[in-house]
Amino acid sequence: MVAVGKASYYATRFHGRTTANGETFDMKEFTAAHRSLPFGTIVRVTNLNNGKMVFVKINDRGPFKKNRIIDLSKAAAKKLDLVDNGIGRVKIEAYN
């Protein structure tokens, strides 16, 4: 599965809460929310504006805004340089 679209991130407000798969959300971990990929799926996320990439594990559901394809943890967004803008254009590739 490969998709291109907008990514956003979530952090402090959700830190410590339970994710859809029952894990505790840790904004310092490399995790993400996706609408339909199975929990545990590893996804490579590439920022199309700067070429930076990160691997994340899907452990939650979302994003709930129609124009976004993935919600990243703050750690993943930071690695992609998305924190300042809050959103960015990415390519996602699922690996399992």
Side-chain angles (χ1 to χ4, degrees):
M1 182 277 220
V2 176
V4 173
K6 289 182 182 177
S8 54
Y9 78 95
Y10 57 127
T12 308
R13 187 170 131 208
F14 296 96
H15 187 72
R17 291 189 183 183
T18 303
T19 63
N21 78 341
E23 294 178 2
T24 300
F25 175 66
D26 184 343
M27 66 184 188
K28 298 174 189 167
E29 297 291 326
F30 292 95
T31 59
H34 190 271
R35 289 183 187 95
S36 60
L37 287 172
F39 295 133
T41 299
I42 302 300
V43 177
R44 180 169 67 181
V45 183
T46 305
N47 182 335
L48 295 176
N49 292 325
N50 62 21
K52 293 185 178 186
M53 66 80 122
V54 65
F55 287 93
V56 296
K57 180 181 80 169
I58 302 298
N59 72 342
D60 208 357
R61 290 292 172 229
F64 296 105
K65 296 211 175 202
K66 290 183 182 180
N67 66 340
R68 299 190 188 151
I69 62 170
I70 196 166
D71 270 340
L72 303 166
S73 65
K74 186 171 185 180
K78 188 173 181 178
K79 188 149 183 155
L80 295 173
D81 285 337
L82 294 178
V83 173
D84 289 341
N85 291 334
I87 60 170
R89 188 166 153 77
V90 298
K91 177 170 78 169
I92 62 173
E93 301 167 88
Y95 278 87
N96 55 335

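Since this is a predicted model, take the numbers as computed values, not measurements.
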Closest heavy-atom contact between [X] and [Y]?
X: Asn21; Y: Asn59; result: OD1-O, 3.1 Å
X: Val90; Y: Asn47; result: CG1-CA, 4.1 Å
X: Ile87; Y: Ser8; result: CG2-CB, 3.7 Å
X: Leu82; Y: Ala7; result: CD1-CB, 4.4 Å
X: His15; Y: Met27; result: ND1-N, 3.1 Å
X: Asp81; Y: Asn50; result: CB-ND2, 3.7 Å

Pairwise distance [atom1]([X]) to [atom2]([Y]) - rounded to 0.5 angstrom:
X: Tyr10; Y: Thr19; atom1: OH; atom2: OG1; result: 7.0 Å
X: Arg68; Y: Arg35; atom1: CZ; atom2: CZ; result: 10.0 Å
X: Leu72; Y: Ile92; atom1: CG; atom2: CD1; result: 9.0 Å
X: Ser73; Y: Tyr9; atom1: OG; atom2: OH; result: 11.0 Å

_Can a donor-acceptor pair be found, under 3.5 Å and without considering hydrogens, that links the side chain of Arg61 to the backbone of His34?_
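Checking the backbone N and O of His34 against the side chain of Arg61, a donor-acceptor pair under 3.5 Å is found.
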
_I'd like to know if the side chain of Asp60 reaches the main chain of Ala20, judged simply by a donor and an acceptor atom lying under 3.5 Å from each other, with no hydrogens or angles considered._
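Indeed, once roles are kept as given, a pair shorter than 3.5 Å links the two residues.
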
Check for me, please, whether [X] and [Y] land in the same ILVMFWY cluster - side-chain distances under 4.5 Å, paths through other members count.
X: Phe25; Y: Ile58; answer: no
X: Val43; Y: Val4; answer: no
X: Ile70; Y: Met1; answer: yes

All ring pair (Phe, Tyr, Trp, His ring centres under 6.0 Å) counterparts of [X], not counting sequence neighbours:
X: Phe30; answer: none
X: Phe64; answer: none
X: Phe55; answer: Tyr95

*Full working for salt bridge (Lys or Arg N to Asp or Glu O under 4.0 Å) between Glu23 and Lys57*: CA-CA 12 Å; Glu23 294 178 2; Lys57 180 181 80 169; 2.9 Å; yes

_Surrounding CG of Asn67 (heavy atoms of other residues, nucleotides or ligands, distance under 6.0 Å), is the total greater than 12?_
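For Asn67, atom CG is crowded (more than 12 foreign heavy atoms under 6.0 Å).
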
*How about Arg13: does its CZ atom have over 12 heavy atoms from other parts shown lying under 6.0 Å from it?*
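Result for CZ/Arg13: open.
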
*Is there side-chain contact between Arg17 and Thr24, with at least one heavy-atom pair below 4.5 Å?*
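With C-beta onward as the side chain, the pair stays apart.
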
